[in-house]
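Inspection log for the structure reproduced underneath, given as structure tokens.
Worth saying up front: this structure is predicted, and the values here are computed from it rather than measured.
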Amino acid sequence: MKLAELTAWLDRYLEAERFSDYAPNGLQVEGKADVRRIVTAVTASRAAIEYAVSVGADALLVHHGWFWKGEPAPVVGMKAKRMRLMMKADMSLVAYHLPLDAHPEVGNNALLAKMLGITLETRSGFYDLLHVGTLAEPVPARVFARRVAEALGREPQLFGDGERMVRRIGWCSGAAQGELSAAAAQGADLYLSGEISERTWHEAREEDVPYLACGHHATECCGIKALGELLAETFPELEVSFYDDRNPV
């Protein structure tokens, strides 16, 4: 498959042009024109690049790519080492950030709902990324936390009353702990995201809404993995594999 055809299909499917993002979406580093083998990963880390090189990948498709707003522009140090590996292998880097958080089918938040048994009711906020929905039956917060641990393969941190019965859940993958109060305003009994800030503990107590810090990486594995599986199903000529560079954060 031609690289240009692959990226055009991904851009359309994920509606990349709709998003004003913190980093460019789509093709970030151009490699060889023909693509047969793709490795997907959450982040374009050196470990992910080295794995992709080891299996002869033609492209690395990730959620967290490079060239973030506000970061130093010079390609030196760690950034240079990563790029040198990719350029030497003539490998392309393709990344989708917010489009992969927001997508209704392969998006991180849509898939979290399926994994955790939440029926989506509303989406709001920045690009409709704040999701609120309900569980079939109310459960204590600690029991729901156990469900999250089993689904994500990572023990979440629970802040707040573990015995509180929860049914209405607010969530947003990644570093969206700042949406806790907005979720509380929509009647959420519990809110979950990936990370936690110092202020989040206070907000969880004062809003009386337990907070689950589930891991930035853990809450964003599902989207890029599902996107890779969709590519393999849609284009049988492609070989797609997922590399899990398990970040504990």
Side-chain angles (χ1 to χ4, degrees), residues 1 3 6-7 9-11 13-14 16 19 21-32 35-68 71 75 77-103 105-112 115 151-154 173-176 193-195 214-235 238-249:
M1 186 177 190
L3 175 64
L6 172 66
T7 55
W9 187 90
L10 288 166
D11 286 349
Y13 180 73
L14 296 172
F19 296 85
D21 212 330
Y22 308 105
N25 286 303
L27 184 61
Q28 293 190 341
V29 175
E30 184 178 6
K32 61 193 69 171
V35 177
R36 182 174 65 88
R37 184 170 293 154
I38 299 172
V39 167
T40 62
V42 175
T43 298
S45 65
R46 182 169 179 174
I49 297 166
E50 289 175 338
Y51 174 80
V53 170
S54 74
V55 298
D58 304 304
L60 178 62
L61 174 61
V62 300
H63 180 47
H64 300 139
W66 298 344
F67 314 115
W68 297 94
E71 73 175 17
V75 181
M78 178 186 74
K79 188 186 296 186
K81 291 175 183 176
R82 288 178 173 181
M83 189 171 292
R84 193 175 296 117
L85 280 171
M86 295 211 70
M87 300 294 281
K88 184 177 180 180
D90 201 14
M91 185 192 308
S92 297
L93 175 61
V94 186
Y96 294 94
H97 183 231
L98 293 180
L100 198 53
D101 289 318
H103 198 273
E105 295 170 355
V106 299
N108 291 314
N109 290 294
L111 293 172
L112 284 173
M115 294 165 70
L152 300 185
R154 180 191 187 278
S173 66
S193 187
E195 299 183 19
C214 305
H216 193 136
H217 177 88
T219 59
E220 296 190 335
C221 279
C222 51
I224 194 66
K225 190 174 182 181
L227 182 61
E229 291 169 353
L230 177 64
L231 277 176
E233 179 182 334
T234 306
F235 304 103
L238 296 177
E239 295 180 28
V240 185
S241 60
F242 175 68
Y243 175 72
D244 191 5
D245 187 8
R246 292 189 67 83
N247 186 334
V249 176

Please round to the nearest 0.5 Å and tell me the distance separating atom NE2 of His97 and atom NE2 of His63. 4.5 Å
Is it the case that over 12 heavy atoms from other parts of the model lie below 6.0 angstrom from the CD atom of Glu30? no
In Å and rounded to the nearest 0.5 Å, what is the CD to CG distance from Glu105 to Leu14? 10.0 Å
Which atoms form the tightest heavy-atom contact between Val53 and Ala89, and what is the distance? CG2-CB, 3.9 Å
If you compare all heavy atoms of Ala176 against all heavy atoms of Ser193, which two are closest, and at what distance to 0.1 Å? N-OG, 3.0 Å
Working to the nearest 0.5 angstrom, can you tell me the gap between Phe19 CZ and Leu100 CG? 9.5 Å
Using side-chain heavy atoms (C-beta onward) and a distance below 4.5 Å, is Trp9 in contact with Leu231? yes
Is Val42 close to Asn247 at the side-chain level, that is, under 4.5 Å between some pair of heavy atoms? no
Using side-chain heavy atoms (C-beta onward) and a distance below 4.5 Å, is Val35 in contact with Ser92? no
Taking all atoms of both residues into account, what is the closest heavy-atom pair of Val62 and Ala44, and its distance? CG1-N, 3.9 Å
Are His103 and Tyr13, when compared by the centres of their aromatic rings, separated by less than 6.0 Å? yes
Side chains of Tyr96 and Asp21: does their closest heavy-atom pair fall under 4.5 Å? no
Donor + acceptor pair across side chains of Asp245, His217 (<3.5 Å): no
So Leu227 and Leu10, do their side chains get closer than 4.5 Å, heavy atoms only? yes
Which value, rounded to the nearest 0.5 Å, describes the distance between Leu93 atom CG and Leu60 atom CG? 5.5 Å
How far apart are the closest heavy atoms of Arg154 and Ala218, and which atoms are they? CD-CB, 3.7 Å
Picking from Thr43, Leu112, Asp101, what satisfies side chain to side chain contact (heavy atoms under 4.5 Å, CB included) with Glu220? Asp101
Minimum heavy-atom separation for Leu111 and Ala226, please, with both atom names. CD1-CB, 3.6 Å
Are the side chains of Arg46 and Glu50 in contact, using a 4.5 Å heavy-atom criterion? yes
Lys/Arg N to Asp/Glu carboxylate O, Glu229 vs Lys225, below 4.0 Å: no
Over all heavy atoms of both residues, which pair between Ala41 and Ile224 is shortest? Give the atoms and the distance, please. O-CG1, 3.5 Å
Is it true that, when you exclude Lys32 itself, more than 12 heavy atoms of the residues, nucleotides or ligands shown sit nearer than 6.0 Å to its NZ? yes
With a 4.5 Å heavy-atom cut-off, do Leu152 and Met115 have their side chains touching? yes
Does some side-chain heavy atom of Leu6 sit less than 4.5 Å from a side-chain heavy atom of Ile38? yes
When you measure from the side chain of Arg82 to the backbone N and O of Ile49, does any donor-acceptor pair fall under 3.5 Å? no
Kindly say whether Phe67 contributes a backbone atom to a donor-acceptor pair with the side chain of Gln28 at under 3.5 angstrom? no
Phe235 side, atom CZ; Leu230 side, atom CG - distance, nearest 0.5 Å: 8.0 Å
Answer yes or no: is there a donor N or O on one side and an acceptor on the other, between the side chain of Thr219 and the main chain of Gly174, under 3.5 Å? yes
For the CZ atom of Arg36 and the CG atom of Leu238, what is their distance to the nearest 0.5 Å? 9.5 Å
